[in-house]
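Written below as C-alpha coordinates is the structure these notes are about.
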Amino acid sequence: MSVGLILAWAVLPYVSIVMLVVGLVWRFRTDQYGWTSRSSQWRESAILRWSSPMFHFGVLFVAMGHVLGLAVPQSMTDALGVSHHAYHLIATVPGSIAGVVTIIGLLGLLYRRIFVKSIRLATTRMDVIAYILLAIPILLGAVATFSTQVFGPDGGYNYRETISVWFRSIPVLSPRPELMVGVPLVFQLHIIAGMLLFCIWPFTRLVHVVSAPVGYFTRPYVVYRSRRPADATQPVPRGW
Ligand code: HEM
(Lines give C-alpha, C1' and ligand atoms only; values in the text may rest on other atoms or scores of the structure.)
Protein backbone atom coordinates (compact mmCIF):
# COMPACT_ATOMS: atom_id res chain seq x y z
CA MET A 1 0.00 0.00 0.00
CA SER A 2 1.38 3.43 -0.93
CA VAL A 3 2.45 5.99 1.66
CA GLY A 4 0.05 8.55 0.15
CA LEU A 5 -2.87 6.19 0.60
CA ILE A 6 -2.01 5.58 4.25
CA LEU A 7 -1.42 9.27 4.95
CA ALA A 8 -4.70 10.36 3.34
CA TRP A 9 -7.02 7.64 4.63
CA ALA A 10 -5.42 6.27 7.82
CA VAL A 11 -3.44 9.20 9.26
CA LEU A 12 -5.22 12.42 8.21
CA PRO A 13 -8.59 11.28 9.63
CA TYR A 14 -7.08 10.88 13.12
CA VAL A 15 -5.02 14.07 12.82
CA SER A 16 -8.18 16.00 11.94
CA ILE A 17 -10.19 14.47 14.81
CA VAL A 18 -7.42 15.20 17.35
CA MET A 19 -6.95 18.77 16.07
CA LEU A 20 -10.70 19.35 16.20
CA VAL A 21 -11.23 17.99 19.72
CA VAL A 22 -8.00 19.17 21.36
CA GLY A 23 -8.24 22.49 19.50
CA LEU A 24 -11.79 23.12 20.76
CA VAL A 25 -10.80 22.33 24.37
CA TRP A 26 -7.72 24.57 24.06
CA ARG A 27 -9.76 27.41 22.53
CA PHE A 28 -12.41 27.13 25.25
CA ARG A 29 -9.79 27.23 28.00
CA THR A 30 -7.77 30.11 26.58
CA ASP A 31 -10.32 32.22 24.71
CA GLN A 32 -13.78 31.64 26.14
CA TYR A 33 -14.85 35.22 25.53
CA GLY A 34 -13.70 35.01 21.91
CA TRP A 35 -15.96 31.98 21.38
CA THR A 36 -18.32 33.66 18.97
CA SER A 37 -19.43 33.86 15.36
CA ARG A 38 -18.45 37.57 15.47
CA SER A 39 -21.72 38.66 13.91
CA SER A 40 -21.48 41.42 11.31
CA GLN A 41 -25.23 42.02 11.19
CA TRP A 42 -24.95 45.64 12.31
CA ARG A 43 -22.61 46.39 9.39
CA GLU A 44 -24.90 44.98 6.69
CA SER A 45 -28.19 43.15 7.02
CA ALA A 46 -30.00 43.24 3.63
CA ILE A 47 -27.90 40.48 2.00
CA LEU A 48 -27.32 38.70 5.32
CA ARG A 49 -31.09 38.37 5.84
CA TRP A 50 -31.45 35.85 2.99
CA SER A 51 -27.93 34.47 2.57
CA SER A 52 -27.33 33.46 6.19
CA PRO A 53 -30.52 31.35 6.63
CA MET A 54 -30.01 29.79 3.18
CA PHE A 55 -26.44 28.82 4.04
CA HIS A 56 -27.20 27.61 7.57
CA PHE A 57 -30.37 25.62 6.82
CA GLY A 58 -28.73 24.23 3.66
CA VAL A 59 -25.60 23.09 5.45
CA LEU A 60 -27.62 21.65 8.36
CA PHE A 61 -29.60 19.56 5.88
CA VAL A 62 -26.40 18.49 4.09
CA ALA A 63 -24.93 17.42 7.46
CA MET A 64 -28.04 15.34 8.24
CA GLY A 65 -27.70 13.71 4.81
CA HIS A 66 -24.07 12.84 5.61
CA VAL A 67 -25.12 11.10 8.82
CA LEU A 68 -27.68 9.04 6.91
CA GLY A 69 -25.35 8.16 4.01
CA LEU A 70 -22.16 7.53 5.99
CA ALA A 71 -23.25 6.17 9.36
CA VAL A 72 -26.19 3.97 8.37
CA PRO A 73 -24.91 0.71 6.78
CA GLN A 74 -26.37 -0.38 3.47
CA SER A 75 -27.26 -3.73 5.09
CA MET A 76 -29.65 -1.88 7.40
CA THR A 77 -31.57 -0.11 4.60
CA ASP A 78 -31.53 -3.40 2.65
CA ALA A 79 -33.08 -5.17 5.64
CA LEU A 80 -35.75 -2.47 5.78
CA GLY A 81 -36.56 -3.24 2.14
CA VAL A 82 -35.19 0.06 0.74
CA SER A 83 -33.84 -0.73 -2.74
CA HIS A 84 -30.61 0.84 -3.98
CA HIS A 85 -32.62 2.84 -6.52
CA ALA A 86 -34.99 4.16 -3.82
CA TYR A 87 -32.05 5.07 -1.56
CA HIS A 88 -30.33 6.80 -4.48
CA LEU A 89 -33.42 8.97 -5.09
CA ILE A 90 -34.00 9.70 -1.39
CA ALA A 91 -30.35 10.77 -0.97
CA THR A 92 -29.77 12.56 -4.26
CA VAL A 93 -32.89 14.71 -4.74
CA PRO A 94 -32.99 16.43 -1.31
CA GLY A 95 -29.17 16.31 -1.08
CA SER A 96 -28.75 18.17 -4.37
CA ILE A 97 -31.37 20.78 -3.43
CA ALA A 98 -29.66 21.29 -0.05
CA GLY A 99 -26.29 21.58 -1.80
CA VAL A 100 -27.58 24.25 -4.20
CA VAL A 101 -29.28 26.22 -1.38
CA THR A 102 -26.02 26.07 0.62
CA ILE A 103 -23.97 27.34 -2.32
CA ILE A 104 -26.36 30.23 -3.10
CA GLY A 105 -26.24 31.22 0.59
CA LEU A 106 -22.45 30.93 0.64
CA LEU A 107 -22.16 33.11 -2.50
CA GLY A 108 -24.29 35.78 -0.77
CA LEU A 109 -22.11 35.65 2.35
CA LEU A 110 -18.94 35.83 0.23
CA TYR A 111 -20.34 38.71 -1.85
CA ARG A 112 -21.04 40.89 1.19
CA ARG A 113 -17.70 39.99 2.78
CA ILE A 114 -15.82 41.01 -0.37
CA PHE A 115 -17.88 43.95 -1.65
CA VAL A 116 -19.23 45.63 1.52
CA LYS A 117 -16.29 47.74 2.60
CA SER A 118 -16.87 47.76 6.37
CA ILE A 119 -17.18 43.98 6.40
CA ARG A 120 -14.10 43.54 4.25
CA LEU A 121 -12.13 45.72 6.67
CA ALA A 122 -13.37 43.69 9.66
CA THR A 123 -12.31 40.40 8.02
CA THR A 124 -9.29 38.75 9.62
CA ARG A 125 -6.70 36.50 7.97
CA MET A 126 -8.24 33.56 9.83
CA ASP A 127 -11.67 34.44 8.37
CA VAL A 128 -10.19 34.28 4.85
CA ILE A 129 -8.66 30.86 5.56
CA ALA A 130 -11.95 29.65 7.07
CA TYR A 131 -13.98 30.83 4.07
CA ILE A 132 -11.58 29.19 1.60
CA LEU A 133 -11.44 25.88 3.49
CA LEU A 134 -15.22 25.95 3.91
CA ALA A 135 -15.98 26.76 0.27
CA ILE A 136 -13.69 24.04 -1.18
CA PRO A 137 -15.39 20.94 0.36
CA ILE A 138 -18.84 22.41 -0.31
CA LEU A 139 -18.08 23.05 -3.99
CA LEU A 140 -16.30 19.69 -4.42
CA GLY A 141 -19.20 17.90 -2.66
CA ALA A 142 -21.66 19.50 -5.05
CA VAL A 143 -19.49 18.68 -8.09
CA ALA A 144 -19.17 15.08 -6.87
CA THR A 145 -22.92 14.75 -6.33
CA PHE A 146 -23.89 16.34 -9.65
CA SER A 147 -21.24 14.55 -11.74
CA THR A 148 -21.75 11.06 -10.32
CA GLN A 149 -25.22 10.96 -8.76
CA VAL A 150 -27.32 13.39 -10.84
CA PHE A 151 -25.71 13.26 -14.30
CA GLY A 152 -23.60 10.12 -13.82
CA PRO A 153 -24.41 6.52 -14.80
CA ASP A 154 -27.83 5.11 -13.97
CA GLY A 155 -28.10 4.53 -10.21
CA GLY A 156 -25.08 6.81 -9.58
CA TYR A 157 -21.88 5.84 -7.76
CA ASN A 158 -22.56 3.54 -4.79
CA TYR A 159 -20.38 5.25 -2.16
CA ARG A 160 -22.04 3.15 0.54
CA GLU A 161 -19.85 0.19 -0.46
CA THR A 162 -16.59 2.16 -0.24
CA ILE A 163 -16.59 5.66 1.35
CA SER A 164 -19.19 4.85 4.00
CA VAL A 165 -17.46 1.59 5.05
CA TRP A 166 -14.10 3.42 5.22
CA PHE A 167 -15.76 6.23 7.20
CA ARG A 168 -17.10 3.79 9.82
CA SER A 169 -13.70 2.07 10.08
CA ILE A 170 -12.18 5.26 11.53
CA PRO A 171 -13.97 5.53 14.93
CA VAL A 172 -13.47 1.82 15.62
CA LEU A 173 -9.69 2.34 15.21
CA SER A 174 -9.41 -0.16 12.39
CA PRO A 175 -8.88 2.07 9.33
CA ARG A 176 -9.41 0.52 5.91
CA PRO A 177 -7.62 2.88 3.47
CA GLU A 178 -7.68 0.25 0.69
CA LEU A 179 -11.42 0.90 0.27
CA MET A 180 -10.68 4.40 -1.03
CA VAL A 181 -8.49 3.25 -3.94
CA GLY A 182 -11.15 3.13 -6.67
CA VAL A 183 -13.27 6.03 -5.37
CA PRO A 184 -13.80 8.80 -7.97
CA LEU A 185 -11.14 11.48 -7.56
CA VAL A 186 -13.64 14.27 -6.95
CA PHE A 187 -15.01 12.40 -3.91
CA GLN A 188 -11.47 11.77 -2.63
CA LEU A 189 -10.63 15.48 -2.93
CA HIS A 190 -13.96 16.41 -1.30
CA ILE A 191 -13.27 14.26 1.75
CA ILE A 192 -9.64 15.41 2.12
CA ALA A 193 -10.86 19.03 1.93
CA GLY A 194 -13.48 18.21 4.60
CA MET A 195 -10.82 16.79 6.92
CA LEU A 196 -8.59 19.85 6.41
CA LEU A 197 -11.55 22.03 7.36
CA PHE A 198 -11.89 20.09 10.64
CA CYS A 199 -8.17 20.77 11.35
CA ILE A 200 -8.62 24.57 11.32
CA TRP A 201 -12.16 24.64 12.75
CA PRO A 202 -11.25 25.43 16.41
CA PHE A 203 -9.08 28.39 15.43
CA THR A 204 -11.80 30.22 13.51
CA ARG A 205 -15.23 31.75 14.10
CA LEU A 206 -16.66 28.35 13.10
CA VAL A 207 -16.46 27.44 16.82
CA HIS A 208 -19.94 28.93 17.13
CA VAL A 209 -21.32 25.75 15.51
CA VAL A 210 -20.39 23.80 18.63
CA SER A 211 -22.46 26.13 20.84
CA ALA A 212 -25.83 24.67 19.94
CA PRO A 213 -28.37 27.49 20.25
CA VAL A 214 -30.66 25.30 22.32
CA GLY A 215 -32.52 28.17 23.99
CA TYR A 216 -32.51 30.34 20.89
CA PHE A 217 -36.22 30.10 20.10
CA THR A 218 -37.39 30.85 23.64
CA ARG A 219 -34.86 33.37 24.89
CA PRO A 220 -35.69 37.10 24.90
CA TYR A 221 -34.24 39.35 22.20
CA VAL A 222 -30.74 40.66 22.73
CA VAL A 223 -31.43 44.28 23.70
CA TYR A 224 -29.14 47.00 22.40
CA ARG A 225 -29.16 50.11 24.62
CA SER A 226 -28.01 53.55 23.63
CA ARG A 227 -25.09 55.11 25.50
CA ARG A 228 -27.00 58.42 25.67
CA PRO A 229 -28.34 58.77 29.25
CA ALA A 230 -31.77 60.08 28.08
CA ASP A 231 -32.34 56.99 25.91
CA ALA A 232 -30.87 54.61 28.41
CA THR A 233 -33.46 55.53 31.06
CA GLN A 234 -36.40 54.66 28.78
CA PRO A 235 -38.02 51.37 29.84
CA VAL A 236 -37.09 48.62 27.40
CA PRO A 237 -39.67 45.92 26.58
CA ARG A 238 -38.46 42.41 27.37
CA GLY A 239 -39.13 40.79 23.98
CA TRP A 240 -41.26 37.70 24.24
C1 HEM B 1 -14.85 14.48 5.91
C2 HEM B 1 -15.83 13.69 5.77
C3 HEM B 1 -16.83 13.76 4.61
C4 HEM B 1 -17.24 12.70 3.88
C5 HEM B 1 -16.81 11.24 4.05
C6 HEM B 1 -18.19 13.20 2.89
C7 HEM B 1 -18.84 12.43 1.94
C8 HEM B 1 -19.80 12.90 1.04
C9 HEM B 1 -20.56 12.05 0.14
C10 HEM B 1 -20.47 10.53 0.06
C11 HEM B 1 -21.38 12.88 -0.59
C12 HEM B 1 -22.39 12.45 -1.66
C13 HEM B 1 -23.77 12.38 -1.04
C14 HEM B 1 -24.84 12.01 -2.05
O15 HEM B 1 -24.75 12.44 -3.20
O16 HEM B 1 -25.79 11.30 -1.68
C17 HEM B 1 -21.11 14.22 -0.16
C18 HEM B 1 -21.75 15.35 -0.66
C19 HEM B 1 -21.60 16.63 -0.18
N20 HEM B 1 -20.81 17.03 0.88
FE21 HEM B 1 -19.58 15.78 1.96
N22 HEM B 1 -18.33 14.57 3.06
C23 HEM B 1 -17.51 14.95 4.10
C24 HEM B 1 -17.37 16.25 4.61
C25 HEM B 1 -18.08 17.36 4.16
C26 HEM B 1 -17.96 18.69 4.73
C27 HEM B 1 -17.07 19.07 5.92
C28 HEM B 1 -18.82 19.50 4.01
C29 HEM B 1 -19.14 20.96 4.18
C30 HEM B 1 -18.39 21.83 4.72
C31 HEM B 1 -19.46 18.69 3.01
C32 HEM B 1 -20.36 19.16 2.06
C33 HEM B 1 -20.96 18.39 1.07
C34 HEM B 1 -21.90 18.92 0.09
C35 HEM B 1 -22.36 20.37 -0.04
C36 HEM B 1 -22.29 17.83 -0.71
C37 HEM B 1 -23.25 17.85 -1.91
C38 HEM B 1 -24.69 17.96 -1.51
C39 HEM B 1 -25.21 16.72 -0.84
O40 HEM B 1 -25.01 15.63 -1.37
O41 HEM B 1 -25.83 16.86 0.24
N42 HEM B 1 -18.98 17.38 3.13
N43 HEM B 1 -20.16 14.21 0.84
Side-chain angles (χ1 to χ4, degrees), residues 7-21 54-74 77 82 84-107 109-110 129-171 175-177 179-180 182-202 204-210:
L7 284 179
W9 308 115
V11 176
L12 183 57
Y14 295 107
V15 171
S16 65
I17 293 170
V18 169
M19 284 194 68
L20 183 66
V21 175
M54 280 185 87
F55 174 76
H56 284 93
F57 281 113
V59 94
L60 202 65
F61 212 85
V62 167
M64 290 186 323
H66 279 63
V67 173
L68 178 71
L70 299 174
V72 178
Q74 188 169 338
T77 48
V82 181
H84 175 66
H85 182 69
Y87 170 83
H88 175 65
L89 288 180
I90 294 167
T92 307
V93 176
S96 308
I97 296 171
V100 169
V101 170
T102 306
I103 289 174
I104 296 173
L106 181 67
L107 289 177
L109 293 175
L110 280 170
I129 295 172
Y131 263 103
I132 292 173
L133 288 187
L134 184 62
I136 293 174
I138 290 176
L139 294 178
L140 285 173
V143 172
T145 293
F146 277 90
S147 62
T148 64
Q149 311 303 87
V150 180
F151 299 115
D154 211 18
Y157 169 69
N158 189 4
Y159 54 82
R160 294 200 300 160
E161 285 174 348
T162 52
I163 301 176
S164 305
V165 183
W166 162 80
F167 183 82
R168 292 195 299 272
S169 76
I170 300 300
R176 297 186 55 192
L179 288 169
M180 296 300 288
V183 169
L185 184 63
V186 64
F187 270 119
Q188 298 197 25
L189 295 175
H190 167 66
I191 299 164
I192 289 174
M195 291 189 285
L196 292 178
L197 175 65
F198 296 147
C199 290
I200 59 123
W201 195 286
T204 68
R205 59 168 71 196
L206 292 173
V207 288
H208 76 275
V209 177
V210 185

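Everything quoted here is computed from the prediction, not taken from an experiment. Order of listing sets the numbers, starting from 1, for every ligand and every atom in it.
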Q) Quick check: does Q149 get an N/O under 3.5 Å from an N/O on ligand 1? A) no
Q. What protein heavy atom sits nearest atom 16 (O) of ligand 1, and how far away is it?
A. Y159 OH, 2.6 Å
Q. W9 side chain to M180 main-chain N or O, any donor-acceptor pair under 3.5 Å?
A. no
Q. In the protein, what heavy atom is nearest to atom 9 (C) of ligand 1, and what distance, to one decimal place, separates them?
A. F187 CE2, 3.7 Å
Q) If you measure from CD1 on I192 to CG on L12, what distance do you get to the nearest 0.5 Å? A) 7.0 Å
Q: Determine, considering heavy atoms only, which of I192, I138, T102, L70 sits nearest to atom 35 (C) of ligand 1.
A: I138
Q) Does I191 have a non-hydrogen atom less than 4.0 Å from ligand 1? A) yes
Q: Using the six-membered ring wherever Trp is involved, compare the ring planes of W201 and F198 and label them parallel, tilted or perpendicular (cut-offs 30° and 60°).
A: tilted
Q) Of all N/O/S atoms in H66, which lies nearest to atom 21 (Fe) of ligand 1? A) NE2
Q. Side chain, backbone, both or neither: which part of T148 has a heavy atom under 4.0 Å from ligand 1?
A. neither
Q.
I need the nearest protein heavy-atom contact for atom 34 (C) of ligand 1: residue, atom name and distance, please.
A. V62 CG1, 3.7 Å
Q: Answer with yes or no whether F198 contacts ligand 1, where contact means a heavy atom under 4.0 Å from a ligand atom.
A: yes
Q) Which residue from G156, G95, A98 reaches closest to atom 41 (O) of ligand 1 through any of its heavy atoms? A) G95
Q | Which segment of L197 sits under 4.0 Å of ligand 1 when only heavy atoms are counted | A | side chain
Q: Under 4.0 Å from a heavy atom of A91: give me the atoms of ligand 1 that qualify, with their elements.
A: 16 (O)
Q: Kindly compute the distance separating CG (L179) from CD (E161), expressed to the nearest 0.5 Å.
A: 10.5 Å
Q: Could you tell me whether a side-chain N or O of S164 sits under 3.5 Å from a main-chain N or O of G69, the two making a donor and an acceptor?
A: yes
Q. So, does Q188 use its side chain to make a donor-acceptor pair with the main chain of V183 at under 3.5 Å?
A. yes
Q) Rounded to the nearest 0.5 Å, how far apart are CZ of R168 and CZ of R160? A) 9.0 Å
Q | Any G65 heavy atom less than 4.0 Å from ligand 1 | A | no
(Q) Working to the nearest 0.5 angstrom, can you tell me the gap between R176 CZ and T162 OG1? (A) 11.0 Å
Q. Is any N or O atom of T145, backbone or side chain, closer than 3.5 Å to an N or O atom of ligand 1?
A. yes
Q: Run down the list H190, M64, M180, M195 and name the one with the heavy atom closest to atom 25 (C) of ligand 1.
A: H190
Q | Residue and atom name of the nearest protein heavy atom (relative to atom 26 (C) of ligand 1), distance in Å to one decimal | A | P137 CB, 4.3 Å
